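The structure presented is a predicted model; accordingly, all values stated were derived computationally and were not measured. All values below were derived from every heavy atom in this structure, side-chain atoms included, with hydrogens, water molecules and symmetry-related copies excluded.
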Amino acid sequence: MTNPYLEPVSPAWVRAAGVFLLAAALALTAALAWGAWGYVGPGAPGRPFNSSTLIFGLVLLALCGMCWQAGYRLAFGRPDRTGTLFSRPAWFAIGTCLVVITVLMAVVIARGRGLNLVDAQFMLFLGGIGVWCLVLAFKPGVRNL
C-alpha cells in the first residue's frame, strides 16, 4: 500500500497554490504600504509609532517576502537549484527576522508587564523556528546559490 502523503501533488494544484500565495503577497504588500503611508503621508493622523507597531510590521514583512518567493516558485515552476522552496538567502532572512522579532518581543514584554510561562513558551517556539531556519541557511552539503 502506498502512502498518500508521499505522492507528488498534481501540477494544477501546485500552480493554484502559487497563484493563491502571489495574491496573498500582493494583499500583504498593499496592507504594508497603506499602513506605512498612514504614518508618513500628508495628513497623517499622528498615531504613535510604538514597539507593537514595529513588531507587527516586521511579522507582516516576513510573511510578505515568504509569500512572494514561494508563490513565484510554485506558480511558475521554478524550484531552487537544490530543489527547495526557499533559497539560502531566504532561509537566512526568515531566520534572522524571527530571531529579531523574538528578541524585540522579549524586551518589550519584560519591560511592560513581565514574562509569564505562555510568553516564554511562545518565544522559545518562535526563536527555535528562527534558529532552525538559520541552520538550514548554513547547512553543509547543499550547493551555494
How far apart are the closest heavy atoms of [X] and [Y], and which atoms are they?
{"X": "T102", "Y": "G127", "result": "OG1-N, 3.4 Å"}
{"X": "L74", "Y": "G18", "result": "CB-CA, 3.6 Å"}
{"X": "V131", "Y": "V99", "result": "N-CG2, 4.1 Å"}
{"X": "C64", "Y": "A25", "result": "SG-O, 3.8 Å"}
{"X": "L21", "Y": "A70", "result": "CD1-CB, 3.9 Å"}

Would you tabulate the side-chain donor-acceptor contacts of residues 117-125 under 3.5 Å, counting partners in other chains and residues two or more places apart, or write 'none'?
residue: D119; atom: OD1; partner: R113; partner atom: NH2; Å: 3.2
residue: D119; atom: OD2; partner: R113; partner atom: NH1; Å: 2.8
residue: D119; atom: OD2; partner: R113; partner atom: NH2; Å: 3.2
residue: D119; atom: OD2; partner: N116; partner atom: N; Å: 3.3

Can you list everything that forms a side-chain hydrogen bond (donor to acceptor under 3.5 Å, both in side chains) with T96? Sequence neighbours excluded, please.
none

If we check side chain to side chain contact (heavy atoms under 4.5 Å, CB included) with M105, which of these qualifies: V103, V107, I101?
I101

Would you call [X] and [Y] a side-chain contact if the rule is heavy atoms closer than 4.5 Å?
{"X": "L61", "Y": "C97", "result": "no"}
{"X": "F86", "Y": "R73", "result": "no"}
{"X": "L98", "Y": "W132", "result": "no"}
{"X": "F92", "Y": "F138", "result": "yes"}

Enumerate the side-chain hydrogen bond (donor to acceptor under 3.5 Å, both in side chains) contacts for residues 13-32, please, sequence neighbours excluded, ordered by first and then second residue.
T29-W68

